[in-house]
Asks: 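Okay, handing you the structure first.
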Amino acid sequence: MAGAASKVVFEDYFPAMVEKMGAEGFMKELCKGFRLLMDGDKEVITFESLKRNSAVLGMEGTTEDQLRCMLREGDLDGDGALSQMEFCILMLRLSPGLMDGSRKWLEEALSSA
């Protein structure tokens, strides 16, 4: 359908990763992912670095428009790039399993308090 918004679909492995590694180990892995995608000189993920390195994450079929959309989605400060914090927030927001899990963990913590 011409003009329809493209959507990147991915398997949500994050909940299983958190279960296996723990929260701290999972965050370390997210940071490694950030370093794979970032521009080494600017220490942020730029459009160019994302385009150049997206194949590392199995995203070789992703269009330039989809990459730009990903950057806009995560760019909280409007500078056109993703800092490590913005990248981690975006990755967590994109995981429905983690969002569901966090609700469950909060409810469990509140009921045991």
Side-chain angles (χ1 to χ4, degrees):
M1 181 175 184
S6 298
K7 191 174 187 179
V8 176
V9 178
F10 68 95
E11 185 76 27
D12 188 3
Y13 293 109
F14 288 174
M17 291 173 69
V18 171
E19 186 83 23
K20 182 178 179 183
M21 297 182 210
E24 188 174 332
F26 175 72
M27 289 308 294
K28 285 180 183 179
E29 288 302 309
L30 275 185
C31 291
K32 286 180 189 177
F34 171 79
R35 286 190 296 277
L36 283 173
L37 295 172
M38 78 176 192
D39 178 298
D41 294 331
K42 298 177 182 176
E43 296 187 351
V44 293
I45 297 173
T46 62
F47 171 74
E48 293 79 16
S49 70
L50 183 59
K51 182 178 175 183
R52 181 175 53 250
N53 299 316
S54 60
V56 172
L57 298 178
M59 298 170 41
E60 51 273 323
T62 308
T63 68
E64 287 189 7
D65 283 343
Q66 289 169 323
L67 295 174
R68 288 187 206 299
C69 183
M70 290 169 67
L71 281 174
R72 278 192 307 273
E73 179 75 23
D75 183 13
L76 300 175
D77 62 9
D79 66 355
L82 298 181
S83 67
Q84 183 170 303
M85 181 187 71
E86 289 171 325
F87 173 77
C88 290
I89 290 170
L90 177 62
M91 293 297 99
L92 294 174
R93 284 181 38 216
L94 290 176
S95 173
L98 281 180
M99 298 313 291
D100 291 342
S102 64
R103 267 187 226 105
K104 183 184 84 174
W105 300 323
L106 177 61
E107 289 170 4
E108 287 173 3
L110 291 174
S111 68
S112 68

Asks: How far does CG of Leu71 sit from CZ of Phe87, to the nearest 0.5 angstrom?
Replies: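 Between Leu71 CG and Phe87 CZ, I get 11.0 Å after rounding to 0.5 Å.
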Asks: Rounded to the nearest 0.5 Å, what's the gap from CG on Leu82 to CZ on Phe47? Could you check?
Replies: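 Answer rounded to 0.5 Å: 12.5 Å.
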Asks: Looking only at atom types and distance, does a side-chain atom of Ser49 sit under 3.5 Å from a main-chain N or O of Leu37, one as donor and one as acceptor?
Replies: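 It does hold such a pair.
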Asks: Distance check, rounded to the nearest 0.5 Å: Arg68 atom CZ versus Arg72 atom CZ?
Replies: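 Atom-to-atom, Arg68:CZ and Arg72:CZ are 8.5 Å apart.
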Asks: Do Glu48 and Asp39 make a side-chain contact, defined as non-hydrogen atoms from C-beta onward lying under 4.5 Å apart?
Replies: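 Answer no - side chains too far apart.
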Asks: Establish whether Phe34 and Met91 are linked, either directly or via other cluster members, by ILVMFWY side-chain heavy-atom contacts under 4.5 Å.
Replies: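 Yes, because Phe34 and Met91 connect within a single hydrophobic cluster, where side-chain heavy atoms sit under 4.5 Å apart.
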Asks: Strictly below 4.0 Å, N to O, side chains only: are Glu29 and Lys32 in salt-bridge contact?
Replies: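 Counted as a salt bridge, because a side-chain N and a carboxylate O are separated by less than 4.0 Å.
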Asks: Roughly how far, to the nearest 0.5 Å, is the CD atom of Gln84 from the CE atom of Met27?
Replies: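 Answer rounded to 0.5 Å: 8.0 Å.
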Asks: Calculate, to the nearest 0.5 Å, the distance between atoms CE and CD1 belonging to Met70 and Ile45 respectively.
Replies: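 These two atoms lie 8.5 Å from each other.
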Asks: What is the minimum heavy-atom distance between Phe26 and Leu92, and which atoms define it?
Replies: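 Looking at all heavy atoms of both residues, the closest pair is CE2-CD2, 3.7 Å.
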Asks: Look only at the side chain of Asp65 and the backbone of Cys69, and say whether a donor-acceptor pair between them is shorter than 3.5 Å.
Replies: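 The answer is no, because no donor-acceptor pair under 3.5 Å joins these two groups.
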Asks: Roughly how far, to the nearest 0.5 Å, is CG of Leu36 from CG of Leu50?
Replies: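 So the gap between those two atoms works out to 12.0 Å.
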Asks: Is the shortest heavy-atom distance from the side chain of Thr62 to the side chain of Leu67 under 4.5 Å?
Replies: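 Yes, their side chains come closer than 4.5 Å.
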Asks: After noting the C-alpha distance and the side-chain angles of Met21 and Lys28, does the key distance pass the side chain to side chain contact (heavy atoms under 4.5 Å, CB included) rule?
Replies: CA-CA 10 Å; Met21 297 182 210; Lys28 285 180 183 179; over 6 Å; no
Asks: So which heavy atom on Lys51 is nearest to which on Ser54, and how close?
Replies: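 The pair with the smallest heavy-atom distance is O-OG, 3.4 Å.
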Asks: So which heavy atom on Ser83 is nearest to which on Val44, and how close?
Replies: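 So the minimum-distance heavy-atom pair works out to CA-CG1, 4.2 Å.
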